[in-house]
Visitor: 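I'd like to ask you about the structure that follows.
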Amino acid sequence: MYGVFRTGGAGQRSFPASSFHAYDWAFCAATLVSVVVQIPEVLMVRPDASCQLSNACSVLDGATSLARLLPLLEMSRRLLKEAKIPRSAGILGTLLALNLNKHIEYTDHFHPDYAKF
């Protein structure tokens with residue numbers, strides 16, 4: 001994120017104004033609203049992130065029951081309002097699916113009896 005921020009313009013405009021769960025996802029998605037140049041080689045690979053760490057952060061970041069029901073709600077709001085991601089059916093469906101997927105991960109981790117139901 002630092003490297004993109006240092007490029008100026010779109011990188012700096014893509015930084016969310018406040019902190020929330022999946023801040024880095026919102027930043028990355030917001031950069032795609034502007035012109036993106038792709039290079040033909042992979043220069044960096046991010047290792048798979050642990051779901052446990054993400055779940056722990058969702059508890060810290062989501063103080064309300066709505067935030068635990070839809071853990072990526074603030075990210076979704078930010079992308080649709082501030083970053084002006086298009087409100088197409090595909091994007092709205094994807095954001096809803098991401099939120100529900102993260103909710104299932106959350107319940108699997110913190111409420112396994114509920115998750116079995």
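Source: prediction; values computed, not measured.
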Visitor: Less than 4.5 Å apart, side chain to side chain, heavy atoms only: is that true for His103 and Asn99?
Guide: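 They are not in side-chain contact.
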Visitor: State plainly whether one hydrophobic cluster holds both Leu70 and Tyr106, where clusters connect Ile, Leu, Val, Met, Phe, Trp and Tyr through side-chain heavy atoms under 4.5 angstrom apart.
Guide: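 In one cluster with Leu70: Tyr106, no.
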Visitor: Hey, what do you get for CG (Leu100) to CG (Leu72), rounding to the nearest 0.5 Å?
Guide: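 One gets 10.0 Å once the value is rounded to the nearest 0.5 Å.
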Visitor: Just jot down the side-chain contact (heavy atoms from CB on, under 4.5 Å) partners of Leu80, sequence neighbours excluded, or say none.
Guide: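 Partners of Leu80 under the side-chain contact (heavy atoms from CB on, under 4.5 Å) test: Arg87, Leu92, Leu95.
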Visitor: CG of Leu66 to CD of Glu74: how many Å apart, nearest 0.5 Å?
Guide: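 That separation rounds to 8.5 Å.
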Visitor: How long is the straight-line distance from CZ of Arg78 back to CZ of Phe27, given to the nearest 0.5 Å?
Guide: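 Going from CZ on Phe27 over to CZ on Arg78, the span is 9.5 Å.
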Visitor: Out of curiosity, Thr107 OG1 to Leu69 CG, how far, rounded to the nearest 0.5 Å?
Guide: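 Result: 10.0 Å between the selected atoms.
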Visitor: What distance separates Ile91 CD1 from Leu96 CG, expressed to the nearest 0.5 Å?
Guide: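 One gets 14.0 Å once the value is rounded to the nearest 0.5 Å.
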